[in-house]
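Notes for the one structure printed next.
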Protein chains: 2
Amino acid sequence: MEEIPERLTERPSWLITQLAVHARKLVFDGFTSVGARGYHYRILAALHEYGPASQAELGRRCRIDRSDVVAAVNELVAQGFVDRTPDPDHGRRNKVTLTGAGARQLRRMDKVLDQVQDDLLGPLPAEDRQTLTRLLTHVLARHEPR
Amino acid sequence: MEEIPERLTERPSWLITQLAVHARKLVFDGFTSVGARGYHYRILAALHEYGPASQAELGRRCRIDRSDVVAAVNELVAQGFVDRTPDPDHGRRNKVTLTGAGARQLRRMDKVLDQVQDDLLGPLPAEDRQTLTRLLTHVLARHEPR
DNA sequence: TGGCTAGTGTTGGTCACACCAACATTGGCG
DNA sequence: CGCCAATGTTGGTGTGACCAACACTAGCCA
């Protein structure tokens with residue numbers, strides 16, 4: 001009954017940002033159920049895929065600001081999901097390492113995320129789902145040049 | 001060179017939320033150049049399309065929380081883009097009305113947004129653009145039931 | 001060798017957006 | 001009439017994305 005202005009609904013920027021709102025809520029709820037949030041997942045994923053890394057590297061790979069990596073790693077350390085040790089070669093640099101518990105947490109979060117995809121895309125046919133993913137990937141790539 | 005973990009890039013929820021980050025930045029920059037922000041546009045658009053409304057109505061139509069409508073309308077009043085008068089029929093209710101300056105501001109923001117769509121979707125062929133819009137609309141509709 | 005520059009970790013802020021709880025007030029309905 | 005729903009408002013929370021500044025280190029190059 002309460003209609004949204006057409007100026008909004010017909011613009012891709014509205015569709016994307018509003019759908020992102022719902023996606024973030026689903027992700028947030030899922031991650032909350034395992035005591036985590038988005039930044040944690042990104043960092044655990046990067047550590048699992050590329051191995052131990054400095055905080056600056058993590059920030060670049062995860063698209064997280066250096067300063068925000070500090071806080072997230074602090075929390076992950078407190079939960080025992082990563083270790084932070086000074087890099088012996090590089091004086092100032094830290095080496096962040098995934099722990100066994102961290103890998104298990106990552107698996108839990110993966111399961112949560114898989115469920116989220118289904119909730120998010122709902123009854124979208126597999127073909128449309130693939131098309132959507134392809135188009136989004138293509139557009140996003142043009143905004144992440146380097 | 002700095003690769004993003006596949007776990008992220010292959011998931012639609014990541015694609016949508018990350019693309020939304022870029023969309024928000026484009027919209028933010030554009031709106032900033034005319035001294036406004038997202039909430040302002042939504043409210044001006046709703047007033048233009050449906051005429052004067054109460055703040056609660058605006059909130060429902062624009063997907064903005066009641067409490068946030070208060071602040072946004074305050075700002076719009078201060079800029080002279082809307083008028084807020086007590087509803088004569090309804091004691092507690094306010095009637096928010098678009099002014100001439102508000103309508104002009106809305107047109108400015110419309111132009112900004114049109115440019116943003118091009119920047120956002122880049123060189124996506126018209127057909128793909130339409131497909132993307134259709135799919136996004138469809139998925140979003142399932143998350144906005146009523 | 002000395003000095004500058006780039007990179008690193010850290011602190012401490014800002015902003016938009018979304019959302020929630022509480023409160024006083026008011027209208028309308030049973 | 002009395003209760004419930006709706007309204008406007010205040011004040012607070014959380015995430016995610018940034019930015020500026022600082023101290024320190026490494027590496028380069030003149």
Side-chain angles (χ1 to χ4, degrees), chain A residues 1-2 8 13-14 16-32 35-43 53-75 77 84-96 143-144, chain B residues 1-2 8 13-14 16-32 35-43 53-75 77 84-96 143-144:
Chain A
M1 196 106 320
E2 295 284 356
L8 298 178
S13 61
W14 167 267
I16 290 165
T17 53
Q18 282 310 107
L19 188 53
V21 168
H22 293 284
R24 299 236 252 109
K25 175 157 30 199
L26 291 173
V27 170
F28 173 82
D29 290 344
F31 282 174
T32 296
R37 59 194 183 91
Y39 280 4
H40 299 166
Y41 178 77
R42 300 195 206 175
I43 290 173
S54 73
Q55 297 179 188
E57 270 174 331
L58 289 176
R60 284 188 295 266
R61 286 178 182 151
C62 303
R63 270 57 182 171
I64 302 177
D65 190 272
R66 270 160 45 225
S67 61
D68 297 321
V69 173
V70 175
V73 169
N74 283 344
E75 292 155 5
V77 167
R84 167 162 46 193
T85 57
D87 189 320
D89 305 334
H90 242 74
R92 189 145 191 79
R93 198 175 297 174
N94 288 333
K95 195 172 81 166
V96 181
H143 291 275
E144 303 255 1
Chain B
M1 196 107 316
E2 296 282 356
L8 297 179
S13 60
W14 166 267
I16 290 166
T17 53
Q18 283 310 109
L19 188 53
V21 169
H22 294 283
R24 303 241 248 116
K25 177 159 26 202
L26 292 173
V27 170
F28 174 82
D29 290 344
F31 282 174
T32 296
R37 59 194 184 92
Y39 279 3
H40 298 167
Y41 179 76
R42 301 195 207 175
I43 290 173
S54 73
Q55 297 180 187
E57 271 174 330
L58 289 176
R60 285 188 295 266
R61 286 179 182 150
C62 304
R63 270 55 183 173
I64 302 177
D65 190 272
R66 270 163 40 226
S67 60
D68 297 320
V69 173
V70 175
V73 169
N74 283 343
E75 293 155 4
V77 167
R84 168 161 45 192
T85 57
D87 189 321
D89 306 334
H90 241 74
R92 190 148 190 75
R93 197 175 298 175
N94 289 333
K95 194 172 81 165
V96 181
H143 291 275
E144 303 255 2

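Proteins come first, then strands; the chains are lettered A, B, ... in the order of their sequence lines, and each starts at number 1.
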Give me the atom names and distance for the closest heavy-atom approach of A:Pro86 to A:Asn94.
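Minimum heavy-atom contact is CA-OD1, 4.0 Å.
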Can you name the nearest heavy-atom pair linking B:Trp14 to B:Leu8, along with the distance?
CB-O, 3.0 Å
Spacing between [X] atom [atom1] and [N] atom [atom2], to the nearest angstrom:
| X | N | atom1 | atom2 | value |
| --- | --- | --- | --- | --- |
| B:Glu57 | D:dG8 | CD | P | 9 Å |
| B:Ile43 | C:dC17 | CD1 | C1' | 13 Å |
| A:Arg66 | C:dG7 | CZ | C1' | 8 Å |
| B:Glu75 | D:dT9 | CD | P | 14 Å |
| B:Ile16 | D:dG16 | CD1 | P | 16 Å |
| A:Leu58 | C:dT8 | CG | P | 11 Å |
| B:His22 | D:dA17 | NE2 | P | 9 Å |
| A:Asp87 | C:dG9 | CG | P | 9 Å |

Once base and sugar-phosphate atoms are separated, protein heavy atoms under 4.0 Å mark nucleotides 25-30 of chain C, 5' to 3', with B, S and - as BSS---
[X] [atom1] to [Y] [atom2] distance, which is reported to the nearest 0.5 Å:
| X | Y | atom1 | atom2 | value |
| --- | --- | --- | --- | --- |
| B:Gln18 | A:Ile16 | CD | CD1 | 12.5 Å |
| B:His40 | B:Ile64 | NE2 | CD1 | 9.0 Å |
| B:Arg60 | B:Ser54 | CZ | OG | 6.0 Å |
| B:Gln55 | B:Arg92 | CD | CZ | 10.5 Å |
| A:Leu19 | B:Leu19 | CG | CG | 10.5 Å |

If the cut-off is 4.0 Å, is [X] near the phosphate of [N], judged by side-chain N/O to OP1 or OP2?
| X | N | value |
| --- | --- | --- |
| A:Arg84 | C:dT10 | yes |
| B:Asn74 | D:dG8 | no |
| A:Arg93 | C:dG9 | no |
| B:Arg42 | C:dA18 | yes |
| A:Gln55 | C:dG7 | no |

Please answer whether the main-chain N or O of A:Cys62 pairs with a side-chain N or O of A:Arg42 as donor and acceptor at a distance below 3.5 Å.
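Indeed, once roles are kept as given, a pair shorter than 3.5 Å links the two residues.
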Sugar-phosphate only, base, or nothing, as touched by [X] at under 4.0 Å among non-hydrogen atoms:
| X | answer |
| --- | --- |
| B:Val69 | nothing |
| A:Gln18 | sugar-phosphate |
| A:Asp68 | base |
| A:Ser54 | sugar-phosphate |

Side chain B:Ser67 and base D:dG11 donor-acceptor under 3.5 Å
yes
Got A:Ile43 and A:Glu75 here, is their nearest side-chain heavy-atom distance under 4.5 Å?
no
Close side-chain approach of A:Val70 to A:Asn74, heavy-atom, < 4.5 Å
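Of all side-chain heavy-atom pairs linking A:Asn74 with A:Val70, at least one is under 4.5 Å.
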Between B:Arg60 and A:Pro88, which is nearer to the 5' end of DNA chain D once each is assigned its nearest nucleotide?
B:Arg60
Please list, in numerical order, the residues of residues 23-31 of chain B that have a heavy atom closer than 4.0 Å to any atom of DNA chain D.
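Per residue number, the list reads B:Lys25.
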Please tell me which of B:Arg37 and B:Asp65 maps to the more 5' nucleotide of DNA chain C, matching each residue to the nucleotide holding its nearest heavy atom.
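So the residue in question is B:Arg37.
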